[in-house]
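Being a predicted model, the structure only gives us computed values, none of them experimental. We're numbering straight along the sequence, starting at 1.
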Amino acid sequence: MTQSLVSASAAAGVPKVGIGVLIQREGRILLGRRRNSHGDGSYSWCGGHLEYGETFEECAVREVREECGLVVRRLRFLCLHNILAYDRHYVDIQFIAEEVEPGEPRVLEPHKIADWGWYGLDALPNPLFRPVELALDAWRTHRSYTPVSTPSAP
C-alpha cells in the first residue's frame with residue numbers, strides 16, 4: 001500500500017489491516033529494530049499491510065520474503081487484535097510460521113528495519129512493538145483475541 005493511501009485512510013478514520021509473522025528457530029524468535037515508521041526503535045517481527053485482493057496468508061508470506069528473504073511454507077493462525085497505538089488504528093492478525101525453508105534472515109528493507117536477530121523468550125530486547133507484545137502474550141496465554149488494546153504504560 002502506498003504511503004498516500006495509508007495517510008488517506010488514517011485521515012479518514014479507517015482502520016488498517018496489519019499482518020505479522022512469528023518465526024522461531026531453536027527456541028529463539030526473529031526480531032528486527034524498526035525505523036522510519038510508527039514504533040520507530042521498537043523490535044518487531046516481519047509484517048506489514050494487507051494489499052487489495054490478498055489473503056492474510058499471502059500477505060504474511062510476502063512480507064517475510066520482502067523484509068528478510070526467508071521463505072515460509074506453512075503458517076498457523078496465532079491471534080487477532082484491535083489495536084489503538086502510535087496514533088493509529090489497526091486490525092492486527094498474527095501468524096506463526098510452522099515451516100520455513102533453511103536460510104538466514106537478511107536486511108532487505110534497510111529503510112524499515114535496521115537489523116535482524118534471534119532472541120530467546122527470556123532475553124527479549126526492549127521496547128517491543130505493540131502488536132508483537134500482544135501476540136507474545138496471546139501465544140503464552142493461548143488467548144487468540146483482544147477486543148481493544150491501547151498502548152501499555154511506560
field: From OG (S44) to CZ (R33), nearest 0.5 Å
entry: 13.0 Å
field: Partners passing side-chain hydrogen bond (donor to acceptor under 3.5 Å, both in side chains) against E101 (at least two apart in sequence or in another chain)
entry: R73
message: Just verifying a value: how many Å separate S37 OG and H111 NE2, rounded to the nearest 0.5 Å?
response: 10.0 Å
field: For Y52, all residues meeting side chain to side chain contact (heavy atoms under 4.5 Å, CB included), sequence neighbours excluded
entry: none
field: Counterpart residues, side chain to side chain contact (heavy atoms under 4.5 Å, CB included), relative to I113 (two or more places apart)
entry: R34, W116
message: Side chains of F56 and F95, heavy atoms from C-beta outward: is any pair under 4.5 Å?
response: yes
- prompt: In chain order, what residues pass the side chain to side chain contact (heavy atoms under 4.5 Å, CB included) check against R106, with sequence neighbours excluded?
  reply: L108
- request: Go through the structure and list residues passing side chain to side chain contact (heavy atoms under 4.5 Å, CB included) with E54, not counting sequence neighbours.
  value: L50, E51, E58, C59, R62
message: Count I, L, V, M, F, W, Y as connected when their side-chain heavy atoms are under 4.5 Å apart, and connections chain through other members. Are L84 and I19 then in the same cluster?
response: no
- request: With sequence neighbours left out, write down each residue that passes side-chain hydrogen bond (donor to acceptor under 3.5 Å, both in side chains) with E104, or none if nothing qualifies.
  value: R25
- request: Enter the distance from E63:CD to C68:SG here, rounded to the nearest 0.5 Å.
  value: 10.5 Å
task: Name all residues meeting the salt bridge (Lys or Arg N to Asp or Glu O under 4.0 Å) criterion together with R28; count only those two or more places apart in sequence or in a different chain, and write none if there are none.
output: none
Within-4.5 Å side-chain heavy-atom neighbours: T146 and D137: no
- request: For residues H81 and P131, determine if any side-chain heavy atom of one lies less than 4.5 Å from a side-chain heavy atom of the other.
  value: no
message: Working to the nearest 0.5 angstrom, can you tell me the gap between C46 SG and R65 CZ?
response: 11.5 Å
query: Closest heavy-atom contact between H49 and Y90?
result: NE2-OH, 2.6 Å
Where C79 and A138 come nearest, the two heavy atoms and their spacing: CB-CB, 3.8 Å
query: Just wondering, do D92 and L134 contact through their side chains at under 4.5 Å, heavy atoms?
result: no
message: According to side-chain hydrogen bond (donor to acceptor under 3.5 Å, both in side chains), who are the partners of S149, at least two apart in sequence or on a separate chain?
response: R130
Smallest separation among heavy atoms of A97 and L75, with atom names: CA-CD2, 4.0 Å
- request: Kindly work out whether a path of hydrophobic side-chain contacts (I/L/V/M/F/W/Y, heavy atoms less than 4.5 Å apart) joins F77 to Y145.
  value: yes
query: Quick one: salt bridge (Lys or Arg N to Asp or Glu O under 4.0 Å) pairs with a partner in residues 35-48, sequence neighbours left out?
result: none
statement: Those residues at least two apart in sequence (or on a different chain) that pass side-chain hydrogen bond (donor to acceptor under 3.5 Å, both in side chains) with E109 are none
field: Atom pair CD (E57) and CZ (R74), whose distance is rounded to the nearest 0.5 Å
entry: 13.5 Å
task: Could you point out which residue of V72, L70, V71, V21 forms a side-chain contact (heavy atoms from CB on, under 4.5 Å) with V61?
output: V72
- prompt: Rest of the hydrophobic cluster containing L124 (Ile/Leu/Val/Met/Phe/Trp/Tyr, side-chain heavy atoms under 4.5 Å)?
  reply: L22, I29, L31, Y43, W45, L78, Y86, I96, Y119, L121, L128, F129, V132, L136, W139
Gap between atom CG of N82 and atom NE2 of H89 - 0.5 Å precision: 3.5 Å
